[in-house]
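See below for the structure under consideration.
Note that ligands are numbered from 1 as they come in the structure, with each ligand's atoms numbered from 1 the same way. In this text the structure is predicted, and so the values were computed from the model without any measurement.
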Amino acid sequence: MTFRDDAAAAAEWVAAYLEGARELPVLAQVEPGDVRRTLPAGPPDEPEPFSAVLDDLDRVLLPGITHWNHPRFFAYFATSGSEPGILAEFLTAALNVNAMLWRTSPAATELEELALDWLAQLLGLPTGWHGHIEDTASTSTLVALAAARAQVPGGAILCSEQAHSSVEKAGRLLGLETIKVAVDSDFRLRPEALADAMGDRRVAAVVATVGTTSSTAVDPVPAVAEVVDGSGAWLHVDAAYAGSAAVCEELRWALAGVEHADSLVVNPHKWLFTPMDCSCLYTRRPDAVRAAFSLVPEYLRTSEDEVTNLMDYGTALGRRFRALKVWAVLRCYGRSGLQTLIREHVRLAHLFASWLEAEPGWEVVAPHPFSVVCFRREGSDEENERLLERVNATGEVFLSHTQLGGRYVLRLAVGNVRTTEEDVRRGWDALRREAG
Ligand code: PLP
């Protein structure tokens with residue numbers, strides 16, 4: 001077999017997978033160890049054909065895959081490996097460039113700058129910010145908070161009690177205390193509580209979340225910025241999930257006030273149809289980020305001084321050419337295509353919430369401004385937990401849970417490019433059937 005034959009077979013595999021994913025059980029149906037046990041314990045001595053890899057992908061790996069690219073994956077934040085994103089990943093691997101220095105692939109650095117500029121325009125972000133790509137929001141937030149620490153060494157990090165665990169993890173890695181601030185009844189950070197917590201304390205950074213992980217609450221960034229203003233603390237906005245919503249003008253309210261932020265993270269691998277992994281970190285203060293991270297050994301010194309070397313903006317030296325997939329997604333959907341998808345996901349979430357509200361015994365437990373609905377069935381936490389387990393065991397859908405206001409809560413998150421109203425309806429039917 002030639003590379004062309006193998007590539008054609010892999011492309012056929014991908015096309016058939018995407019067409020047929022709806023028929024597969026969403027949640028992997030294997031027991032711990034099943035996959036490992038079925039494969040040889042050691043590597044082959046002699047070369048095998050690539051077709052053997054594809055065979056085992058079907059035979060052994062597929063049953064052990066939880067299908068994140070399934071239209072009825074409604075857990076966590078639902079995501080999409082969209083077709084342009086998948087193809088761009090293939091091309092990225094072929095080029096295999098390392099975008100650490102401008103010189104090590106000028107097109108990779110310049111496309112990263114361009115793609116992030118396009119994305120900033122699509123989301124209505126302030127002009128003139130510097131953007132670069134990290135693997136995940138956890139890394140982006142770590143980078144932002146490291147820059148903050150360099151400005152106020154030893155200062156604390158303040159965020160709401162609903163902020164993502166990556167904030168506290170970054171604090172732990174950076175040796176900074178993380179202080180959680182109370183939220184209001186809609187799970188948004190309370191600016192007065194923030195002001196109290198800041199008091200006379202030395203504060204390195206405040207993190208506001210636009211679209212919290214549990215309920216997609218939007219912290220009041222303008223009021224948070226007012227509290228932070230003049231304190232010397234860095235304001236970081238975690239818009240990992242909901243930032244993408246700003247591609248639609250009617251959802252852009254969520255990013256109000258971000259012009260006062262020092263940095264903002266948005267993850268195209270969450271709700272912008274870009275395959276894992278891709279997180280965009282924007283900053284108003286690139287000099288501060290560079291000051292925290294730039295360390296150039298002799299072998300990486302170059303003579304160009306007009307260029308950006310993206311290795312200076314984060315922890316990794318080697319950098320994947322992730323910009324290609326962002327650029328491909330932005331081009332192949334265009335503003336209108338992205339808006340159509342996001343609007344449809346929001347519509348489907350609202351529709352699902354309306355079904356819950358219309359049926360006795362179900363309760364929507366938090367506002368749902370985007371594509372996630374938090375809800376529960378009448379009854380105890382244990383009953384809700386068992387309901388979720390039964391629904392997920394059907395393989396028809398995969399939903400996840402959280403805790404809100406001290407109660408166990410179910411979540412349905414819409415976000416896959418192939419999800420239809422019929423898919424959401426099947427989720428609702430499964431919930432009602434298993435609850436009954
Ligand atoms: N921030 C928020 C609001 C999230 O919901 C998540 C994950 O769901 C993260 C950050 C971490 O994202 P990542 O997996 O890209 O590190």
Side-chain angles (χ1 to χ4, degrees), residues 66 68 73-81 85 119 123 131-146 157-174 178 180-181 183 187-189 205-219 221 224 235-246 251 254-255 258 261 263-282 314-316 320 322 325-326 345 349 366 368-374 398-404 409 411-416:
T66 289
W68 284 71
F73 183 106
F74 296 130
Y76 315 113
F77 285 125
T79 61
S80 306
L119 180 60
L123 303 184
H132 77 275
I133 306 181
E134 294 284 351
D135 51 3
T136 60
S138 303
T139 305
S140 293
T141 291
L142 175 66
V143 167
L145 296 180
I157 298 168
L158 274 69
C159 61
S160 99
E161 58 197 16
Q162 291 287 322
H164 189 260
S165 52
S166 54
V167 176
E168 188 172 352
K169 191 183 269 191
R172 198 196 289 179
L173 292 172
L174 295 167
T178 302
K180 309 261 179 84
V181 175
V183 293
F187 309 104
R188 299 172 300 196
L189 182 147
V206 171
V207 180
T209 309
V210 170
T212 56
T213 312
S214 281
S215 74
T216 74
V218 176
D219 289 343
V221 180
V224 169
L235 177 57
H236 176 60
V237 173
D238 179 354
Y241 156 70
S244 300
L251 295 171
L255 289 185
V258 300
S263 57
L264 175 142
V265 57
V266 57
N267 273 11
H269 78 215
K270 288 208 193 314
W271 200 14
L272 211 68
F273 322 120
T274 305
M276 274 290 283
D277 52 1
C278 188
S279 176
C280 297
L281 178 63
Y282 288 95
T315 53
R320 300 184 60 220
R322 296 186 184 90
K325 60 184 169 182
V326 179
H345 293 169
H368 46 91
F370 306 112
S371 67
V372 175
V373 182
C374 293
F398 179 30
L399 280 74
S400 57
H401 79 280
T402 189
Q403 281 264 347
L404 282 176
V409 164
R411 280 169 89 263
L412 181 130
V414 183
N416 187 269

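Close approach of ligand 1 to Ser166 is summarised as follows: ligand atoms under 4.0 Å from at least one heavy atom of the residue are 10 (C). Within the listing of ligand 1, atoms 1 (N), 2 (C), 10 (C) sit less than 4.0 angstrom from a heavy atom of Ala240. Below 4.0 Å from some heavy atom of His269 lie the following atoms of ligand 1, by number and element: 15 (O).
Contacts of Asn267 with ligand 1, taken as heavy-atom pairs under 4.0 Å, involve the side chain alone. Residue Ala137 touches ligand 1 through backbone and side chain together, judged by heavy-atom distances below 4.0 Å. Proximity of Thr136 to ligand 1, defined as any heavy-atom pair under 4.0 Å, is shared by backbone and side chain alike. With a heavy-atom cut-off of 4.0 Å, Phe77 touches ligand 1 through its side chain alone.
Under a 4.0 Å N-O distance rule, the pair Arg320/Asp135 does not qualify as a salt bridge.
Taking SG of Cys159 as the reference point, atom NZ of Lys180 lies at 6.0 Å (rounded to 0.5 Å).
Only one option out of Tyr76, Phe74, Phe398 pairs with Trp68 in a ring pair (Phe, Tyr, Trp, His ring centres under 6.0 Å); it is Tyr76.
Using cut-offs of 30° and 60° on the angle between ring planes, the pair Phe370 and Trp271 is perpendicular. Between Phe273 and His345, the ring planes lie perpendicular to each other; the angle is over 60°, past the 30° to 60° tilted range.
Between Arg411 and Leu404, the closest side-chain pair of non-hydrogen atoms is not below 4.5 Å. In this structure, the side chains of Ser215 and Thr402 stay at 4.5 Å or more apart for every pair of heavy atoms.
In terms of protein heavy-atom proximity, atom 11 (C) of ligand 1 is closest to His164 CE1, 3.3 Å. For atom 14 (O) of ligand 1, the closest heavy atom belonging to the protein is Lys270 NZ, 3.9 Å. What sits closest to atom 4 (C) of ligand 1 on the protein, heavy atoms only, is Thr213 OG1, 3.3 Å.
Residue Asp238 places at least one N or O, backbone or side chain, under 3.5 Å from an N or O of ligand 1. No N or O atom of Gly211 sits closer than 3.5 Å to an N or O atom of ligand 1. Residue Ser138 places at least one N or O, backbone or side chain, under 3.5 Å from an N or O of ligand 1.
Between the side chain of Ser80 and the backbone N or O of Gly415, at least one donor-acceptor pair lies under 3.5 Å. A side-chain donor-acceptor contact under 3.5 Å links Asp219 to the backbone of Thr209.
Heavy-atom distances between Tyr241 and ligand 1 stay at or above 4.0 Å for every pair.
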